[in-house]
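For this chain, numbers begin at 1 and follow the sequence in order.
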Amino acid sequence: MTLAEMQEVLQQCAQQQGRQLPMVVANPDLVTVNGASLITMPGTLARYYQQQGGAVQLMGKPDRIIYEAAQELLPSNAAAADPRQWLAIGDSLEHDIAG
């Protein structure tokens, strides 16, 4: 499926009368590098969907929900349970560093 075809589907979803179809995005990266080329990633589609009026929920860095989910996995008495002690490493200045 081409990017234009995906955008057409997203536009139709965003314009559903009386229905709010949310888009849940697990990886908000806009692009990734593959050798010498850039590949479109889910964040690009999420941005387009929002521009069309669709609701988007980002589930990856830097969204708070990903850190809350990680914290729930830790024992409450663990030193690592304090998020002020966490370090997140990412590959995108746009959203990984912002988180």
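- In this view, Thr2 and Glu5 satisfy the side-chain hydrogen bond (donor to acceptor under 3.5 Å, both in side chains) rule, not counting sequence neighbours.
- Closest of all the heavy-atom pairs between Ala26 and Pro28 is O-CD, 3.9 Å.
- Distance check: Tyr49 OH to Leu21 CG gives 4.5 Å after rounding to the nearest 0.5 Å.
- Note that CG of Leu30 is 9.5 Å distant from CE of Met41, once rounded to the nearest 0.5 Å.
- Summarising the geometry of Ala14 relative to Gly54, their closest heavy-atom pair is CB-N, 3.9 Å, with the distance given to 0.1 Å.
- Under the 4.5 Å side-chain criterion, counting only non-hydrogen atoms from C-beta, Arg47 is not in contact with Val56.
- Note: Thr32 OG1 to Ile39 CD1 = 6.5 Å, rounded to the nearest 0.5 Å.
- Applying the salt bridge (Lys or Arg N to Asp or Glu O under 4.0 Å) test to Glu72 and every residue at least two apart in sequence or in another chain returns nothing.
- Side-chain contact between Leu45 and Leu3 is present, with heavy atoms from C-beta onward closer than 4.5 Å.
- Looking only at distances, a side-chain donor or acceptor of Gln16 sits under 3.5 Å from a matching main-chain atom of Gln12.
- Taking the side chain as every heavy atom from C-beta outward, Gln52 and Leu10 never approach each other to under 4.5 Å.
- Other members of the hydrophobic cluster containing Val33, listed by chain and number, are Val31, Leu38; membership follows side-chain contacts under 4.5 Å among ILVMFWY residues, whether direct or relayed.
- Using modelled atom types, one finds no donor on one side chain facing an acceptor on the other under 3.5 Å when comparing Gln7 with Gln11.
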For this session: For side-chain contact (heavy atoms from CB on, under 4.5 Å), just list the numbers for Met23 and Val25, CA-CA rounded to whole Å, side-chain angles, deciding distance to a tenth of an Å, and then say yes or no.
Result: CA-CA 6 Å; Met23 178 184 215; Val25 181; 3.8 Å; yes
